[in-house]
Amino acid sequence: MTYRYSQFGTHLGSGSGIGELMDDLGHALASGSPDLKMLGGGQPAPIAEVNAVWRKRMEEILAENSGLERALTLYDPPRGNPQFLTAIATLMRETFGWEIESENIAVTCGGQTAFFFLFNLLAGEMPDGSRRKILLPLVPEYIGYANQGVGADLFRAVTPLIEKNGPHDFKYRVDFEQLEITPDIAAICASRPTNPTGNVLTDDEISKLSALAKQNHIPLIIDNAYGAPFPGIIFSEATPFWEPHVVLTLSLSKLGLPGTRTGIVIGPPQLIAALGSMSAIAGLSNPNLGQQITLPLVQSGEILRLSRDVIRPFYEGKCLLAREAAQRAFGDDLNWFMHRSEGALFLWLWFPGLPITAMELYERLKKREVLIIPGHYFFFGHADEGWRHRHECIRVSYAMDKAIVQAGLEIIAEEVRAAFREIERAGK
Ligand SMILES: Cc1ncc(COP(=O)(O)O)c(C=O)c1O
């Protein structure tokens, strides 16, 4: 028997392209092959010094009077643990001078849930029957947003400018000439640093986006899953940004606690109260454990030291090694570009004129046990289907062991070279 689905069920319960791809990656990983080079996921790297902090905190929680009860046996209020909310507000006030109180903060079940709530709160079908959308000021953008709308077509994306900074270096920039805030735009959203590219929107781009949002009475949503002050996987000098019409999301995942599912949203009290309501309806309350593990670190500011002195240098070192390995593997005979690495965990590689699609490259690489994410998935909401660039890029994670990243990049270079050679031979 086949059950019928609602519109909500059709959009969320019937699978998605990226869902299938993640399944494919998961099966390859589960095969347990010793030769597998998993450069596809967004899994943060295990950092021994950071894991030691979590272990110590778990021991402290067990030893503390009613620690276990606070972490495991209670329903927190839907918007999050009051002590945790106050601690985050104080940290942000003291670190950046932002005027925020605990009414400006909501905890969600991971950043992912925060986006599901925020996007569907603001965009989609409105009570008067009109439709509103989320504007992505540039794509490629985080794949995890793509299928979150409970109705169709939640996003409108603007083609970026491509700035070439060297023989193999480039950076995307917001094309403000093309960025139009039409009345159907409900919010502007960007990840900073960006997954998949490692791009960090400049201070100038952010202040222009913020002014546009303010003028049009809509929020600017900044996804800070990788940024400052924690987890601090940001290598450029970009200034952290918040204003009363800005919704800033943070997460404990890339700090090394993805299993605790803890997202933190800082925003206008009206939207924050709505998120609390949505958390209550969808899940009663949120997981407590991440908040209890990190509470004293937030209160003492230790979370800033850990991010600045341990996590950031760890990823910056890995990034440098991966970029050097890419330079060696792709050399100067190939027409290739790598996005400037300003944060996050990924290299974003572009092969102009690639004679096969990034999806075909993915299939060829999978046969050689190298797993990456083909680039076209990150261009959702972008109307120009014919833009070849979308099929010429791939995302490669460098969170894995350096030998695996290096070997994977060498195989990617071999396959890209082979694809160009095939087309040359076919042309002769
Ligand atoms: C840019 C970005 N935003 C949000 C998330 C969601 O993370 P989580 O739900 O683990 O907090 C991720 C996860 O990889 C991400 O890369």
Side-chain angles (χ1 to χ4, degrees), residues 18-19 21-22 25-26 38-45 54 80 84 88 105-119 134 136-148 155 157 172 187-201 220-228 230-234 238 240 247-267 275 278-279 282-283 286-287 289-291 293-294 303 307 311 315 339 341-348 373 375 377-381 395-400:
I18 185 58
L21 183 73
M22 295 316 282
L25 295 180
M38 173 44 117
L39 310 181
Q43 171 69 36
W54 310 144
F84 186 75
I88 292 283
I105 303 174
V107 168
T108 55
C109 184
Q112 191 69 14
T113 306
F115 286 99
F116 180 64
F117 288 167
L118 281 167
F119 292 156
I134 304 292
L136 307 175
L138 62 73
V139 274
E141 186 48 278
Y142 172 47
I143 207 167
Y145 305 149
N147 297 97
Q148 287 204 313
F155 299 98
Y172 293 116
I188 304 174
C189 175
S191 56
R192 186 188 196 227
T194 306
N195 171 359
T197 55
N199 190 27
V200 171
L201 292 181
L220 167 64
I221 304 172
I222 304 176
D223 180 350
N224 192 48
Y226 299 88
F230 62 82
I233 313 174
I234 179 161
V247 178
L248 180 70
T249 65
L250 294 104
S251 163
L252 298 186
S253 294
K254 312 301 169 176
L255 198 66
L257 291 172
T260 69
R261 309 308 303 129
T262 315
I264 302 157
V265 185
I266 304 176
L275 291 182
M278 294 171 100
S279 277
N286 293 296
L289 190 58
Q291 297 173 72
I293 291 175
T294 52
I303 198 166
S307 301
I311 297 174
Y315 281 108
H339 196 282
S341 298
E342 298 172 310
L345 329 168
F346 314 102
L347 297 183
W348 178 253
I373 306 273
Y377 285 111
F378 301 91
F379 290 86
F380 54 94
R395 188 191 81 177
V396 175
S397 164
Y398 54 73
M400 297 296 138

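All residue numbers refer to positions in the sequence shown, counting from 1. Atoms within a ligand are numbered from 1 in the order they appear, just like the ligands themselves.
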(message) Please enumerate all residues that pass ring-ring contact (aromatic ring centres under 6.0 Å, His included) together with Y145, with sequence neighbours excluded.
(response) F115, F119, Y142
(message) If the test is side chain to side chain contact (heavy atoms under 4.5 Å, CB included), which one of I303, V107, I105 qualifies with I88?
(response)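 Result: among I303, V107, I105, I105 is the only option passing the side chain to side chain contact (heavy atoms under 4.5 Å, CB included) with I88.
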(request) Just jot down the side-chain contact (heavy atoms from CB on, under 4.5 Å) partners of A146, sequence neighbours excluded, or say none. (result) F380
(request) Apply side-chain contact (heavy atoms from CB on, under 4.5 Å) to S251 and list each qualifying residue two or more places apart in sequence or on a separate chain. (result) S253
(request) Give the protein residues with at least one non-hydrogen atom closer than 4.0 Å to an atom of ligand 1, ordered by chain and number. (result)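 Residues near ligand 1: G110, G111, Q112, Y142, S191, N195, D223, A225, Y226, S251, S253, K254, R261.
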(request) Output the distance between atom CG (N199) and atom OH (Y172), rounded to the nearest 0.5 Å. (result) 9.0 Å
(request) Identify the two heavy atoms, one from V139 and one from A157, that lie closest to each other, and give their separation to 0.1 Å. (result)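 Heavy-atom minimum between the residues: CG1-CB, 3.4 Å.
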